[in-house]
*Asks:* 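This is the structure, below, for whatever I ask next.
As the structure lists them, so they are numbered: ligands from 1, and atoms in each ligand from 1.
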Amino acid sequence: MKGRSPFKTNFPLSLKGEGDKGGEVDRQSSWGVKMRVPMIAGNWKMNTTISEAVELVSKMRRGLDEIGDVEKVVCPPFVSLSAVKELIKGSSIRLGAQNLYFEEKGAYTGEISPLMVADLCEFVIIGHSERRQYFNETGETVNRKLRAALKVGLKPILCIGERLEEKETGRTEEVVTQQLWSSLAGIDSLGDLIIAYEPVWAIGTGKAATGKQVNETVGLISLSIAQLYDKVVAQNMRILYGGSVTADNIAEFMPQPEIDGALVGGASLKADEFLSIVRQTSEIKGRLSR
Ligand code: 13P
């Protein structure tokens, strides 16, 4: 990370004066960069017993395996990870956890360490707004968790997003930039970090943002990453949208060029609906890349 705070920068952010294009990161360019594979991740939150988790994955497995060109991730509760891992062996479904603690081991009753998560999972969600809201996670704890996850080779899915009053007072850009800055402070290499832009007002409310709004904010997040790191890091980084995504509205988001997929809550608990979200993503992103 470059050692300067975006808060000294005037909003809106700009790359002017830093290179050839100025003003934006060309995330559509394929010159010298990897193509970003779209991702749909299901955050099951605190839902499903072990047998329900097994049943849910069993219902999706075959259908998901038939869909190409999308990375499919499920994030069940901790207690179901082992059972789900067994079930998805040999399939295209990848596994993620919903949280971790930043210490590797010791007297931290009830916590799960990065090493334990890395034994089972490839991905881990960090900084979800529900953890910030109900479990007092701060920028500092999110930063420590991110470092811990990256250290053991996990691919973090870092959640950021503004609250309703912040959106209504025109502070979205400032808030997401500040969240990024505090989450990433002192981290030099982002590994395979994925960002999920999840406006808090859209989570579990049925009031999804519009594709255009999200595309704009994701573009700003990308610009911020380019300022903090460099353009290639920003071009390669996948940035997802989360907040009341359903099979009925996924087609609003996926045609937007900046949005690389979705982090899905409620709708990921219904096998048919999750399949439909993944299928539509594959079709829409496939058309765009042709
Ligand atoms: P919903 O899709 O239920 O709104 O939840 C989104 C979310 O928080 C994913 O992490």
*Asks:* Applying a heavy-atom distance cut-off of 4.0 Å, which protein residues contact ligand 1?
*Replies:* Asn43, Lys45, His128, Glu198, Ala202, Ile203, Gly204, Gly243, Ser244, Val245, Leu263, Gly265, Gly266
*Asks:* What donor-acceptor contacts under 3.5 angstrom involve side-chain atoms of residues 193-201, with partners at least two apart or in another chain?
*Replies:*
residue: Tyr197; atom: OH; partner: Glu162; partner atom: OE1; Å: 2.8
residue: Tyr197; atom: OH; partner: Glu162; partner atom: OE2; Å: 3.1
residue: Glu198; atom: OE1; partner: His128; partner atom: NE2; Å: 3.1
residue: Trp201; atom: NE1; partner: Glu162; partner atom: OE2; Å: 2.9

*Asks:* Kindly compute the distance separating NZ (Lys145) from CG (Leu158), expressed to the nearest 0.5 Å.
*Replies:* 12.0 Å
*Asks:* Rounded to the nearest 0.5 Å, what's the gap from CG on Leu146 to CG on Leu100? Could you check?
*Replies:* 9.0 Å
*Asks:* Let me confirm one number: the NZ-CZ distance from Lys151 to Phe102, rounded to the nearest 0.5 Å.
*Replies:* 13.0 Å
*Asks:* For the residue pair Ser182 / Gln178, report whether a side-chain donor-acceptor contact shorter than 3.5 Å exists.
*Replies:* no
*Asks:* Between Glu283 and Arg287, does at least one N-O distance fall below 4.0 Å, as a salt bridge requires?
*Replies:* no
